[in-house]
Amino acid sequence: AENDPDSDAACGNVDSCPHDAENDADGDGLCGDADECPYDAENDADGDNICGDIDSCAWDAGNDQDADMICGNVDSCAGDGGNDADDDMICGDVDSCAFDAWNDGDSDAVCGDVDSCPHDAWDDTDGDAVCGDVDSCAFDAENDKDGDVICGDVDSCDSDPLNDEDSDQVCGDVDSCDMDTWNDADGDLLCGNIDECPLDAENDADGDGICGDVDSCPYDAANDFDGDGICGDVDSCAADAENDADGDAICSPEDACPNDDEHDADSDGICGTLDSCPYDGDNDADSDLTCGDEDACPADPENDYDDDQICGDVDSCPYDSHNDRDSDNICEDVDSCALDTENDADSDAVCANDEDCADDAENDADEDAICGNVDSCPYDAANDFDSDQVCGNIDNCPFDAVDDVDSDGTCHTDDICPFDAEDDSDSDALCHSEDSCPYDAANDIDSDNVCADIDSCPLDPENDVDGDNVCGELDVCPYDRNNDGDSDDICGDIDSCANDAANDADSDSVC
């Protein structure tokens, strides 16, 4: 009756929301005309009178009350804009020290973020600007100034780190020899505590760490290093107990070879007295038991095995005295064809230097002195004798240039009729192609132009002219078909009364 009042092209009687053109746009089962939040399926879920489709915090009735851009329904500290700034698991709105994770750790009623000494309840009681929790001497403003690990407030000699070490009841800081009970016994103006040799006025003259008063060689720092009973300051070879045993005027240890007066002649680091090859710096490099200075091939243990005057280590073919004379890059000791550069190119098991036909595996099969690889007829010793371009071994007529031109199985030179396949069929000495009657040896003897092989009457030129099936030469009456039918010995063709044996006996001209 209202004719589609919401103009959604669906008549009201069939329209689930006849007055809602969008037909429950949010799908919450409430038509838009009766839905307070037509575009919010949850219909203001947080009950803040702001529909969810336009509510920035659709599930937070307080709508981010702490203004931290995190809706309250997902904000762990919904009332703390700083969201537990000190990460102590206590939200700022209920945290007595919101910016102090330790929450006044020293319990001095001053939060750590504003406490100069957050872990010192006394707050630097000695006023040295070092908080008590990290001050090794919390009650000593000078913090153990003598560094003796005794704080000044309990140190009897607070400026003497050794605390009257010489026990003379005078603190070291005012004692002229604060660590020397004897007070410079050797009179060298050095207190005993700093005098390395308190009883040696020369203070270890040779600097060997042994004071002169107890040093057997006070002027020899090495103290008879070589143990030869002569102090170094008067020993010509102070470090050589044998005092230059090889007499080369070089003392040990400067003498690398104290018993070798040639001083390692080959410079191989092995003294001559111990060197198996004293004049060979490589010490028999090829291990052939011959030292290099005497070895013709010092780097070749086989010493030029092939005797070609080239040592093996530089010989391209150490076991081939000819050094690959066929230049095929295969040494002769392993070259099956030592004098054949192509190494049996035709693979006939015969090297080129031992055969006449190096490139012919069959080695001139027809024995015509022409190798197969260059022989136009390798299996024809006559090499196409008849020059018909067909080699003799496959030429049916090897001596006939035109061969069997008529294909009758007989070569041209042996064929009595070389151009006639049937030759002289009738043996009349006339070739088939030239014989008017090739199958008639008599050649139409009756001259009737019908050859005997097809002539029913080969000796009758008229060929049974009377048609009595008796050829003329045998026919007593060759022109009488009835052959003297009245038997009057007169052939019918000349018998006036052919059927009257009496031949008109009454001579009345009527047979």
Side-chain angles (χ1 to χ4, degrees), residues 222 225-228 232 235-364 371-374:
F225 180 82
D226 58 9
D228 61 357
D235 191 346
S236 59
C237 287
D240 178 5
E242 296 186 42
N243 294 305
D244 188 19
D246 57 7
D248 59 0
I250 301 174
C251 298
S252 293
E254 286 78 12
D255 193 347
C257 295
N259 296 305
D260 173 14
D261 59 6
E262 291 187 280
H263 302 293
D264 184 17
D266 56 9
S267 301
D268 61 356
I270 302 173
C271 296
T273 53
L274 304 172
D275 195 345
S276 57
C277 291
Y279 302 104
D280 173 13
D282 293 317
N283 289 306
D284 187 19
D286 58 8
S287 302
D288 61 357
L289 302 181
T290 302
C291 294
D293 55 308
E294 301 174 353
D295 194 344
C297 292
D300 174 14
E302 295 184 280
N303 293 307
D304 187 18
Y305 183 89
D306 56 9
D307 292 320
D308 60 356
Q309 305 306 307
I310 301 173
C311 293
D313 56 308
V314 293
D315 192 346
S316 57
C317 290
Y319 302 104
D320 171 14
S321 61
H322 297 110
N323 290 308
D324 185 22
R325 56 180 148 176
D326 60 3
S327 301
D328 60 357
N329 293 316
I330 302 174
C331 295
E332 197 162 309
D333 55 305
V334 292
D335 192 347
S336 56
C337 289
L339 299 176
D340 176 5
T341 300
E342 295 184 31
N343 291 304
D344 187 19
D346 57 9
S347 301
D348 61 355
V350 181
C351 298
N353 55 296
D354 293 323
E355 63 178 335
D356 294 322
C357 295
D359 296 304
D360 174 14
E362 296 184 275
N363 293 306
D364 186 18
C371 294
N373 59 304
V374 294

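Worth knowing before you read on, the calculation uses all heavy atoms, side chains too, and leaves out hydrogens, waters and symmetry mates.
- In this structure, the side chain of D264 does not engage the main chain of C271 through any donor-acceptor pair within 3.5 Å.
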In sequence, state the C-alpha distance, the side-chain angles, and the governing distance for E342 and D328, and then conclude on side chain to side chain contact (heavy atoms under 4.5 Å, CB included). CA-CA 7 Å; E342 295 184 31; D328 60 357; over 6 Å; no
Step-by-step side chain to side chain contact (heavy atoms under 4.5 Å, CB included) determination, D248 to E262: CA-CA 9 Å; D248 59 0; E262 291 187 280; over 6 Å; no
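- In terms of heavy-atom proximity, A238 sits nearest to G232 at CB-CA, 3.9 Å.
- With no hydrogens or angles considered, a side-chain donor-acceptor pair links N283 and D268 at under 3.5 Å.
- Atoms CD1 and CG, from I310 and D304 in turn, are 7.5 Å apart once rounded to the nearest 0.5 Å.
- To the nearest 0.5 Å, atoms OH (Y305) and CG (D320) are separated by 12.0 Å.
- In this structure, CG on D335 lies 12.5 Å from NE2 on H322, to the nearest 0.5 angstrom.
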Output, in order, the C-alpha distance, side-chain angles, deciding distance and verdict of side chain to side chain contact (heavy atoms under 4.5 Å, CB included) for D346 and E355. CA-CA 11 Å; D346 57 9; E355 63 178 335; 3.4 Å; yes
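- Contact annotation: the side chain of E332 never approaches that of D324 to less than 4.5 Å [non-hydrogen atoms, C-beta and beyond].
- With values rounded to the nearest 0.5 angstrom, C371 atom SG is found 12.0 Å from E362 atom CD.
- Nearest heavy atoms, V350 versus D354: CG1-O, 3.8 Å.
- Residue E254 places its CD atom among more than 12 non-hydrogen atoms of other residues, nucleotides or ligands, all under 6.0 Å distant.
- Between Q309 atom CD and C297 atom SG the span is 8.5 Å, to the nearest 0.5 Å.
- Heavy-atom minimum distance, A299 versus D313: CB-OD2, 3.3 Å.
- When every heavy atom of C277 is checked against every heavy atom of D266, the shortest pair comes out as O-OD2, 2.6 Å.
- Between the side chain of D300 and the backbone N or O of C311 there is no donor-acceptor pair closer than 3.5 Å.
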Run the side-chain hydrogen bond (donor to acceptor under 3.5 Å, both in side chains) test on D356 and N363 for me, step by step, so that the C-alpha distance in whole Å, both residues' side-chain angles and the decisive distance to 0.1 Å come before the verdict. CA-CA 7 Å; D356 294 322; N363 293 306; over 6 Å; no
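- Under a 3.5 Å cut-off, the side chain of D282 and the backbone N or O of A285 do not form any donor-acceptor pair.
- Closest heavy-atom contact between P301 and D286: CB-O, 3.1 Å.
- The CG atom of N373 lies 5.0 Å from the CG atom of D359; values are rounded to the nearest 0.5 Å.
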Give the C-alpha distance, both sets of side-chain angles, the deciding distance and a yes or no for side chain to side chain contact (heavy atoms under 4.5 Å, CB included) between D280 and D295. CA-CA 10 Å; D280 173 13; D295 194 344; over 6 Å; no
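- Between the side chains of E294 and Y279, no donor-acceptor pair of N or O atoms lies under 3.5 Å.
- Counting heavy atoms from C-beta on, the side chains of I250 and H263 come closer than 4.5 Å.
- Taking both residues in full, the closest heavy atoms of P258 and S252 are given as CB-OG, 3.2 Å, listed atom of the first, atom of the second, then distance.
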